[in-house]
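Take a look at the structure set out below.
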Amino acid sequence: QVQLVESGGGSVQAGGSLRLSCAASGFTYSSGCLAWFRRAPGEERERVATFYPRDGNTRYADSVEGRFTFSQGDAKNTVYLQMNSLKPEDTAMYYCAAATVGGSGGYCYTLGAHWYIYWGQGTQVTVSS
């Protein structure tokens, strides 16, 4: 059973930075995908970063490209989302999510959100102008 626990949210002013953490237990990095999603009030859920463990690469939504960075901790069971140059429109609840379906050829990047069946409880990020 995969369990995900996020932390690190908070309130910052525009231009500031936050680092979100996601402790992932029970996740098999050789056959699955990890992603960070966010949902702002009244908005649709948005996937902001998709990590493909097999090649170690991450793809980002255009809205955060160049400002957000996904990384893994040394122990590999914790992943992070470093968020720099934050904007008020980044205000949202942020979720770490895992998909355990297998695939090949960078499939994580095109995997539909409905495949992400494991979710953390979320952590709130609020950016003031």
Side-chain angles (χ1 to χ4, degrees):
Q1 182 75 7
V2 177
Q3 291 188 315
L4 305 169
V5 180
E6 303 101 333
S7 61
S11 297
V12 296
Q13 290 193 321
S17 299
L18 283 172
R19 189 176 78 158
L20 307 183
S21 301
C22 174
S25 59
F27 178 75
T28 301
Y29 283 82
S30 61
S31 59
C33 311
L34 287 173
W36 284 96
F37 289 81
R38 67 185 180 185
R39 174 167 271 168
E43 301 288 333
E44 291 191 359
R45 183 178 58 190
E46 179 186 19
R47 179 163 40 180
V48 298
T50 305
F51 177 61
Y52 181 36
R54 258 193 251 166
D55 70 8
N57 291 320
T58 306
R59 289 190 184 177
Y60 302 92
D62 290 344
S63 58
V64 306
E65 180 76 54
R67 301 187 297 120
F68 289 13
T69 304
F70 183 104
S71 64
Q72 280 184 284
D74 290 341
K76 304 296 184 185
N77 59 351
T78 301
V79 296
Y80 304 95
L81 186 68
Q82 177 68 41
M83 306 185 297
N84 298 329
S85 302
L86 283 162
K87 304 174 181 180
E89 51 264 44
D90 294 318
T91 295
M93 185 72 80
Y94 283 72
Y95 299 90
C96 179
T100 55
V101 62
S104 62
Y107 74 103
C108 290
Y109 307 125
T110 56
L111 195 65
H114 63 280
W115 287 104
Y116 289 84
I117 61 173
Y118 298 102
W119 293 79
Q121 81 286 359
T123 185
Q124 178 68 38
V125 171
T126 302
V127 185
S128 58
S129 56

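Residues in residues 99-129 take part in these disulfide (SG to SG under 2.5 Å) pairs, two or more places apart or across chains: C33-C108. Screening residues 38-50 for salt bridge (Lys or Arg N to Asp or Glu O under 4.0 Å) gives R38-E46, R38-D90 as the qualifying pairs, with residues at least two apart or on separate chains. The stretch residues 120-129 participates, sequence neighbours left out, in no salt bridge (Lys or Arg N to Asp or Glu O under 4.0 Å) pair at all. Sequence neighbours left out, the pairs with a member in residues 83-109 that pass ring-ring contact (aromatic ring centres under 6.0 Å, His included) are Y52-Y107, Y52-Y109.
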Please report, to 0.1 Å, the donor-acceptor pairs under 3.5 Å made by any side chain of residues 9-27, with sequence neighbours excluded.
residue: S17; atom: OG; partner: N84; partner atom: OD1; Å: 2.9

Show me the donor-acceptor pairs within less than 3.5 Å that the side chains of residues 1-8 make with the rest of the protein, sequence neighbours left out.
residue: E6; atom: OE1; partner: Q121; partner atom: N; Å: 2.9
residue: E6; atom: OE1; partner: G122; partner atom: N; Å: 2.8
residue: E6; atom: OE2; partner: C96; partner atom: N; Å: 2.7
residue: E6; atom: OE2; partner: G122; partner atom: N; Å: 3.4

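In terms of hydrophobic clustering, with Ile, Leu, Val, Met, Phe, Trp and Tyr side chains grouped at heavy-atom distances under 4.5 Å, L34 and Y118 are assigned to a common cluster. Residues L111 and V79 do not share a hydrophobic cluster, defined by chaining ILVMFWY side chains whose heavy atoms lie under 4.5 Å apart.
By the 6.0 Å contact criterion, CG on D55 is enclosed, its count of non-hydrogen atoms from other residues, nucleotides or ligands being greater than 12.
A distance of 7.5 Å separates CH2 in W36 from OG1 in T123, rounded to the nearest 0.5 Å. In this structure, the separation between CG on N57 and CZ on F51 is 8.0 Å, given to the nearest 0.5 Å.
Contacts of T69 classified as side-chain contact (heavy atoms from CB on, under 4.5 Å), with partners at least two apart in sequence or in another chain: Y60, Q82.
Closest approach of F37 to A113, counting heavy atoms only: CE2-CB, 3.9 Å.
With a 4.5 Å cut-off on side-chain heavy atoms, V101 and Y116 do not count as touching.
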